[in-house]
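See below for the structure under consideration.
Chain letters run A, B, ... following the sequence lines, proteins first, then strands; residues in each count from 1. Heavy atoms only: backbone and side chains are in, while hydrogens, waters and symmetry mates are out. All of these numbers come straight from a predicted model, not from anything done at the bench.
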Protein chains: 2
Amino acid sequence: MPVKPGPKRSLSEEAIVGAALKLLGERGGDAVSMRSIAGEVGVAPNAIYTYFPDKAAVLRAVVDRLVGEQSLDVFADRTVPWRRRIQEVALGLRARLLDHPGATRLLLGAPMDGPKALEFGERLLDVLAEAGLSEEDAARASYTLIVYLLGSIALEAAELDPAKPAPPEEERVAERRKGFEAVPAQAFPRTAASADVMAAYISTDQFLWGLERLVDGLVRG
Amino acid sequence: MPVKPGPKRSLSEEAIVGAALKLLGERGGDAVSMRSIAGEVGVAPNAIYTYFPDKAAVLRAVVDRLVGEQSLDVFADRTVPWRRRIQEVALGLRARLLDHPGATRLLLGAPMDGPKALEFGERLLDVLAEAGLSEEDAARASYTLIVYLLGSIALEAAELDPAKPAPPEEERVAERRKGFEAVPAQAFPRTAASADVMAAYISTDQFLWGLERLVDGLVRG
DNA sequence: CCCTGAGTCTGTACGCTGTACAGAGATCGA
DNA sequence: TCGATCTCTGTACAGCGTACAGACTCAGGG
């Protein structure tokens, strides 16, 4: 392998992703531009193209980093019932991603295919195998779980201002209730009658409710 | 109510949404700009701001239109078992949205809160009540179903080129399998072993599989 | 040791974006 | 007919992603 000549790199992929993540957290999703990232690491905008082919690649790396921040040790801890382990990891990932409302938009734009996401999938398959699912069922179930996870988080994040940190859950629910109070009860009787429940869609409680039913359905099969 | 004076409007919200939808289908998501929409309806770019406060509002209306294109008559047809009715509507919506890969990105950026989406929710609540769920459970279940629906569609669409119409399902699965063949089997044995199943995540078959398990979990409760 | 060539970074530039602002023209009620 | 009011246009701004050309920095071969 010939060593490549040229000056030492002044940056690293990690530094770039870190800068992007910092901007994401502090100034929101719209503030993450090639120029702002470059400014953050003290470099001309185009320098980033030495490390990533385009902006989408940077964002994919950001998402993978966020996913990677979620520890997967819980998955392997056999002293805890496997359902609870899935719950914990799901809750952790959800919290982590909702902390960066801007990031969630990215999540579904480019699917989780980074190394950290692969690792996540593999560990999830471990747990599902442990739960007694066949190889094929485990694979299908893992995808279904990821769909639910990302879908929930995305729908929750959609209600958030991507430019600001997420307000506490109670506030978010209260805010949402106001929206449902405006629904005309004649045209949409059921929706209006369940407005309280619907306002609480955006809550940990509902998230776990759905997750539990889904897991039930998956292992019952 | 005083009638507002001024010249007759030369456009309508519908015309604008229609133009956006046309662009979306023909030239992909990135081609939908205020300028291109305005060009399509033969008007200066800013004229659109008379009808919509900003671009996001246009896109929300586009999504609602797509949702509205899915007929909900099936939901009400009591000669068909309710599970099958949910299946059919879900499949219809999925097909409709995957036909516009660019649109799906929008779906989760701004949640379904348009009138057509409300209608959809209400009819879904009807069916779930018919299935024997309590008011609260039906509300929660409907949200969980929507999460699954949108999550599935989003993850499928994420693999598609938003600038082109979707290729047939077989091609998409084959394309994906190539990606999984590159997964190192030592580090990710389960992932590698299930590569075939995973490639088929992006398929009607898997979509229905997950939907069925989810519905099972929801009504079992 | 210097030279060559590859790799990294900068400056500049292009075409595009969303949309704010000012004003022209059309149309109504009075 | 007048004035108010609304719709649409022209222009403009700041920002975007990124292509291109070139300057600089270095490692290895002669």
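Nucleotide dG22(D) holds its P atom 15 Å from the CG atom of Asn46(A), rounded to whole Å. Atom NZ of Lys55(B) and atom P of dC16(D) are 16 Å apart (whole Å). The separation between Tyr49(A) atom OH and dT8(C) atom P is 17 Å, rounded to whole Å. Taking atom CG on Asp30(B) and atom C1' on dT18(D), their separation rounds to 14 Å, with Å as the unit. Distance CE (Met34(A)) to P (dC16(D)): 11 Å, rounded to an integer number of Å. When the P atom of dG17(D) is taken as reference, atom CG of Asp54(A) falls 11 Å away, rounded to whole Å. Separating the CZ atom of Arg9(B) from the P atom of dT5(D) is a distance of 17 Å, rounded to the nearest angstrom. Nucleotide dG17(D) holds its C1' atom 16 Å from the CZ atom of Phe52(A), rounded to whole Å.
Of the candidate nucleotides dC9(C), dT19(C), dT18(D), dT19(C) has the atom lying nearest to any side-chain atom of Pro45(B). In the set dC20(D), dC9(C), dC8(D), the nucleotide with an atom closest to the side chain of Leu11(B) is dC8(D).
In this structure, Tyr51(A) reaches the dC9(C) phosphate: one of its side-chain N or O atoms is under 4.0 Å from OP1 or OP2. For Ser33(A), a side-chain nitrogen or oxygen approaches OP1 or OP2 of dC16(D) to under 4.0 Å. Distances shown here put a side-chain N or O of Ser10(B) below 4.0 Å from the OP1 or OP2 atom of dC8(D).
Judged purely by distance below 3.5 Å, without hydrogens or angles, the side chains of Tyr143(A) and Ser152(B) never pair a donor atom with an acceptor atom.
You'll find a donor-acceptor pair under 3.5 Å spanning the side chain of Arg35(B) and the base of dT19(C), going by distance alone.
For Asp64(B) against Pro115(B), the heavy-atom pair with the smallest separation is OD2-CD, 3.1 Å.
Using a 4.0 Å cut-off between charged nitrogen and carboxylate oxygen, Asp205(A) and Arg140(B) count as a salt-bridge pair. Under a 4.0 Å N-O distance rule, the pair Glu156(A)/Arg172(A) qualifies as a salt bridge. One finds no salt bridge joining Arg190(A) and Glu136(B) here, because no Lys/Arg side-chain nitrogen approaches an Asp/Glu carboxylate oxygen to under 4.0 Å.
Position along DNA chain C of the nearest nucleotide to Thr50(A) versus Ser36(B) favours Thr50(A) as the more 5'-ward residue.
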